[in-house]
Amino acid sequence: MFSLLGKETDDGWKIIEPVGWKLDSTGRPVRAGDPGSGGNFSAGYRVQKDGRKAFLKAIDLSPAMRASDVIAALKIIVDTATFEKSLCAMCGEKRTHPAGAVLSDTL
């Protein structure tokens, strides 16, 4: 989740910088000055494609895979991501915020 810098998504978005966190001198992730919205199981990145910039949220599924009830733990993560995606889509449709458009949901 914290090693995506410089990589590209399947649909061509290049991952260019972290959002709300940074790597310290040892290469470990630490929260930057702006803690964002939490993200205990995710990391934000700024991405770029064809001159456009956007936000990418990378989700870490490994804690769910170690849970005693893997299916229930995955469901919580998927339900949360689905809600956030729906919220972004609504904002994009209503044009309440320029970051509201869902451009891709694959990596």
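Nearest heavy atom pair, residue D60 against residue I77, reads O-CD1, 4.2 Å. When all heavy atoms are compared, the tightest approach of Y45 to A43 is CD1-O, 3.8 Å. For the pair V70 and M65, the tightest heavy-atom approach, listed with the atom from each and the gap, is CG2-O, 3.7 Å. Of all heavy-atom pairs between R46 and V19, the closest is N-CG2, 3.6 Å.
V78 is not connected to I59 by any chain of hydrophobic side-chain contacts under 4.5 Å among Ile, Leu, Val, Met, Phe, Trp and Tyr, and they are in different clusters.
Rounded to the nearest 0.5 angstrom, T80 OG1 and K75 NZ are separated by 9.5 Å. Separating the NZ atom in K85 from the NZ atom in K57 is a distance of 13.5 Å, to the nearest 0.5 Å. If you take NZ on K14 and CG on L4, they are separated by 12.5 Å, rounding to the nearest 0.5 Å.
A 4.5 Å side-chain heavy-atom check between R52 and V47 finds every atom pair outside the cut-off.
Between the side chain of K49 and the main chain of D11, a donor-acceptor pair closer than 3.5 Å is present.
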